[in-house]
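Inspection log for the structure reproduced underneath, given as structure tokens.
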Amino acid sequence: MSRSVTRVLFVCLGNICRSPSAQGVFEARLRERGLQSGYQVDSAGTGGYHEGEPPDRRATAAARQRGYDLSAQRARAVRDSDFTEFDLILAMDQSNLDNLLARAPAAARSRIRLFMSVAPELPQEVPDPYFGGEQGFEQVLDMLETAADAWLDVSVSIQYAGPE
Ligand code: 4NP
């Protein structure tokens with residue numbers, strides 16, 4: 001059965017750097033396109049080390065400089081119900097993807113993708129900026145902006161509420 005709202009979950013490891021940034025960029029793009037009422041977005045981590053924490057302050061600062069507000073987000077771990085509640089689950093790197101696919105019920109696997117898969121001209125993994133410098137956060141945002149636009153440009157790809 002199709003729903004009028006498309007639910008998209010962004011997933012990284014800690015849910016404090018890449019996936020909250022992806023959510024913030026995607027939310028901003030939805031607002032710019034007047035599409036926010038058609039989507040529900042969230043983010044989560046394959047690890048739960050930072051449960052309840054706000055995004056990394058470097059991610060928050062880099063995002064704010066580009067006009068993205070991450071301040072309301074709090075980290076959480078992926079939960080089993082995510083695999084039935086979300087229409088599209090977008091992993092930031094191959095390790096996140098492998099982890100999700102190993103956990104997901106078979107019926108959910110086709111709804112789990114690499115976030116960068118829609119931008120085949122770019123590297124397919126969003127690099128983890130956590131242990132690096134500020135520049136890593138800029139590179140991450142550059143990639144996320146390109147992929148967020150690409151997902152929304154190919155809107156047929158994201159209208160994913162029904163069986164293939
Ligand atoms: P994220 O980055 O997966 O983009 O949120 C990380 C944040 C924290 C850790 C690893 C990656 N950590 O090991 O705590």
Side-chain angles (χ1 to χ4, degrees), residues 6-31 39-105 108-109 111-152 157-158 160:
T6 300
R7 298 176 187 184
V8 186
L9 182 69
F10 301 95
V11 175
C12 61
L13 174 59
N15 192 213
I16 57 170
C17 297
R18 292 165 293 174
S19 60
S21 301
Q23 180 182 341
V25 170
F26 200 80
E27 285 171 338
R29 292 295 190 265
L30 288 174
R31 277 195 300 277
Y39 290 83
Q40 282 178 11
V41 298
D42 197 4
S43 65
T46 56
Y49 334 103
H50 297 278
E51 191 94 39
E53 293 179 21
D56 184 284
R57 57 177 176 71
R58 298 164 296 171
T60 301
R64 190 187 302 120
Q65 282 219 327
R66 299 191 192 199
Y68 309 120
D69 180 12
L70 310 187
S71 63
Q73 296 191 48
R74 294 294 178 269
R76 72 166 176 89
V78 172
R79 43 187 178 243
D80 290 343
S81 59
D82 290 331
F83 296 111
T84 50
E85 286 176 10
F86 286 90
D87 301 301
L88 199 52
I89 299 177
L90 298 175
M92 294 299 128
D93 66 26
Q94 188 65 42
S95 165
N96 308 148
L97 182 72
D98 291 345
N99 185 298
L100 289 165
L101 289 172
R103 247 183 97 167
R109 289 196 194 119
R111 290 184 271 112
I112 302 172
R113 312 276 187 87
L114 278 177
F115 182 54
M116 295 307 298
S117 62
V118 77
E121 74 282 9
L122 292 180
Q124 291 298 289
E125 299 192 273
V126 182
D128 186 346
Y130 185 65
F131 294 108
E134 313 283 330
Q135 187 50 38
F137 289 84
E138 299 300 332
Q139 183 192 356
V140 164
L141 284 170
D142 289 343
M143 295 179 76
L144 298 178
E145 287 172 339
T146 300
D149 278 327
W151 277 110
L152 290 171
S157 297
I158 208 166
Y160 216 82

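Each ligand, and each atom within it, is numbered from 1 in the order the structure gives. Starting from 1, each residue takes its place in the sequence as its number.
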Open item on the list: Which label fits F10 and F115: parallel for a plane angle under 30°, tilted from 30 to 60°, or perpendicular past 60°?
Closed with: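 Geometry flag for F115 against F10: perpendicular rings.
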TODO: May I ask whether H50 places a heavy atom under 4.0 Å from ligand 1?
DONE: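 Yes, that is the case, since the closest heavy atom of the residue is under 4.0 Å from the ligand.
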- [ ] Identify, by atom number and element, the atoms of ligand 1 in contact range of C17, meaning under 4.0 Å from any of its heavy atoms.
- [x]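 Atoms satisfying the 4.0 Å criterion: 1 (P), 2 (O), 4 (O), 5 (O).
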TODO: Provide the number and element of each atom of ligand 1 under 4.0 Å from a heavy atom of D128.
DONE: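 Once the distances to D128 are compared, the set is 2 (O), 6 (C), 10 (C), 11 (C).
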Task: Mode of N15 contact toward ligand 1 - side chain, backbone, both, neither (heavy atoms, under 4.0 Å) - done: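 Looking at N15 and ligand 1, just backbone atoms fall under 4.0 Å.
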Task: Mode of L13 contact toward ligand 1 - side chain, backbone, both, neither (heavy atoms, under 4.0 Å) - done: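 Under 4.0 Å from ligand 1, L13 contributes backbone and side-chain atoms.
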Task: Nearest non-hydrogen protein atom, atom 9 (C) of ligand 1 - done: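 Here the closest protein heavy atom is Y130 CD2, 3.6 Å.
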TODO: Quick one: pull up CG in L9 and CD1 in I89 and give me the separation to the nearest 0.5 Å.
DONE: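 Reported value, rounded in 0.5 Å steps: 5.5 Å.
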- [ ] Go through the side-chain N and O atoms of N96 and N99 and say whether any donor and acceptor fall under 3.5 Å apart.
- [x]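 Side chains of N96 and N99: no pair found under 3.5 Å.
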- [ ] Go through the steps for R103 and T46 under the test side chain to side chain contact (heavy atoms under 4.5 Å, CB included), then give the verdict.
- [x] CA-CA 10 Å; R103 247 183 97 167; T46 56; over 6 Å; no
Check this for me - ligand 1, [X], N or O atoms closer than 3.5 angstrom, yes or no?
X: I16; result: yes
X: C12; result: no
X: S19; result: no

TODO: Can you spot which of P20, S21, S19 makes a side-chain contact (heavy atoms from CB on, under 4.5 Å) with Q73?
DONE: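 Passing option: P20.
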TODO: Would you indicate whether Q65, at its atom CD, is surrounded by more than 12 heavy atoms from other residues, nucleotides or ligands within a distance under 6.0 Å?
DONE: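 Incorrect, the count does not exceed 12.
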Open item on the list: Between the side chains of D142 and R66, is the shortest nitrogen-to-carboxylate-oxygen separation below 4.0 Å, so that they form an ion pair?
Closed with: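 Counted as a salt bridge, because a side-chain N and a carboxylate O are separated by less than 4.0 Å.
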